[in-house]
Amino acid sequence: MSNSTRCAACRYLRRRCTEDCVLAPYFPSTHPDRFACVHRIFGASNVCRMLQLVPVEQRGQAADSIAYEAYWRMRDPVYGCVGIITRLQQEIQATQRELAETRALVAMNATEDARQREMPAAWDLVSFPADDFHQPPPSLT
Amino acid sequence: MGGNSPCASCKLLRRRCAKDCIFSPFFPSDEPHKFAIVHKVFGASNVSKMLQELPFQQRADAVSSLVYEANARMRDPVYGCVGAISYLQNQVTQLQMQLAVAQAEILCIQMQQEAAGLTSHAMEADEKSFLFNGGLAGVPQFMSFGSSSNVAQDPPKKESLWT
């Protein structure tokens, strides 16, 4: 394979890119930074080995996830993409708390609403039993 | 490390563990699997470079996250940690949807309560008007206080009213 058609990995490693290069399908020459990042974090031989461990049809996804992890490790050298996992777990806990509080409020409101519906209507309480007509009203003097 | 046993990394790499070995604080000899997995995924030299670029107080956290990532990659060679991120992002989305539904329910209930409150206020006003405007059918005339009789008239005798 000529120099002009070397993959990003072989160009970075300054080697001849063979036809059966394991890395060529996933690290095209159009994206040199992608391989540079992956090489810095994992190393070319480790990436080759990891890709060879998975079936060919899944190597594209494996290469993408390796590139993603390498990218995040470069951005956050201490936590890498584990920092994203931690933040997502915290967000899940906070949302679960808020959901539980909101549902409790719904249940409370529904109970109060049902209670108010069961109370007799105001006009039902305005009734004068017949005996009351025989009692003088207090203001009649 | 002198006479002490070499750290897990130097033991695996079969080299002398120096006093200033960058790995020894974080890869003790009683946890060999920790370095083994990190070495398998990242490589010892890459880990060494990454640790050297960090202040000492951040290296322990960095090692923990590297071990976590390496374990995830060994468990799932295709997606590694990214699989966990996808799963958690889906969970967040589902929870946010459930929260939106619950908040919409609250709004509905509040709107119903406000509507019921307005209706009951209107009905109370109607009741009062009903009571004070002679709406009590069947009440004898002598109990109606709205009569136009002159106050100079003699009041009705009590016994004739109440017997």
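Here is the naming used below: chain letters follow the sequence lines, and residue numbers restart at 1 for every chain.
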Which atoms of [X] approach chain B - backbone, side chain, both or neither, heavy atom under 4.5 Å:
X       : answer
L53(A)  : neither
L51(A)  : neither
V106(A) : both

| task | Decide yes or no on side-chain contact (heavy atoms from CB on, under 4.5 Å) for V56(A) and R59(A), but give the supporting numbers first. | result | CA-CA 5 Å; V56(A) 175; R59(A) 287 183 189 178; 3.9 Å; yes
Tell me, out of [options], who's got the most heavy-atom pairs with chain B below 4.5 Å.
options                         : answer
M50(A), Q96(A), R73(A), Q89(A)  : R73(A)
V78(A), V82(A), L88(A), L105(A) : V78(A)
I84(A), I85(A), D64(A)          : I85(A)

| message | In this structure, would M74(B) and Y87(B) fall into the same cluster of hydrophobic residues linked by side-chain contacts under 4.5 Å? | response | no
Can you tell me which of [options] forms the most heavy-atom pairs within a distance under 4.5 Å of chain A?
options                         : value
K49(B), E69(B), M50(B), E53(B)  : E69(B)
R73(B), Q110(B), Q113(B)        : R73(B)
C108(B), A84(B), C81(B), A60(B) : C81(B)

Using non-hydrogen atoms and a 4.5 Å limit, figure out which bit of [X] sits close to chain A: side chain, backbone, both or neither.
X       : answer
Q89(B)  : both
R59(B)  : neither
L99(B)  : both
I109(B) : side chain
L66(B)  : both

| task | Evaluate side-chain contact (heavy atoms from CB on, under 4.5 Å) for V63(B) paired with K34(B), printing each intermediate quantity in order. | result | CA-CA 9 Å; V63(B) 164; K34(B) 213 168 140 184; 4.2 Å; yes
| message | Would you call the rings of F42(B) and F42(A) parallel, tilted or perpendicular, taking 30° and 60° as the class edges? | response | parallel
| request: For atom OH of Y68(A), decide whether the heavy atoms of other residues, nucleotides or ligands shown that lie under 6.0 angstrom number more than 12. | output: yes
| query | Are D33(A) and R40(A) ion-paired here, with the side-chain N under 4.0 Å from a carboxylate O? | reply | no
| Any donor-acceptor N/O pair, D76(B) side chain to A72(B) backbone, under 3.5 Å | no
| Pair Q96(B)-E91(A), side-chain donor/acceptor within less than 3.5 Å | yes
| field | L13(B) and H39(B): CA distance, side-chain angles, deciding distance, side-chain contact (heavy atoms from CB on, under 4.5 Å) verdict | value | CA-CA 10 Å; L13(B) 299 172; H39(B) 176 54; 4.1 Å; yes
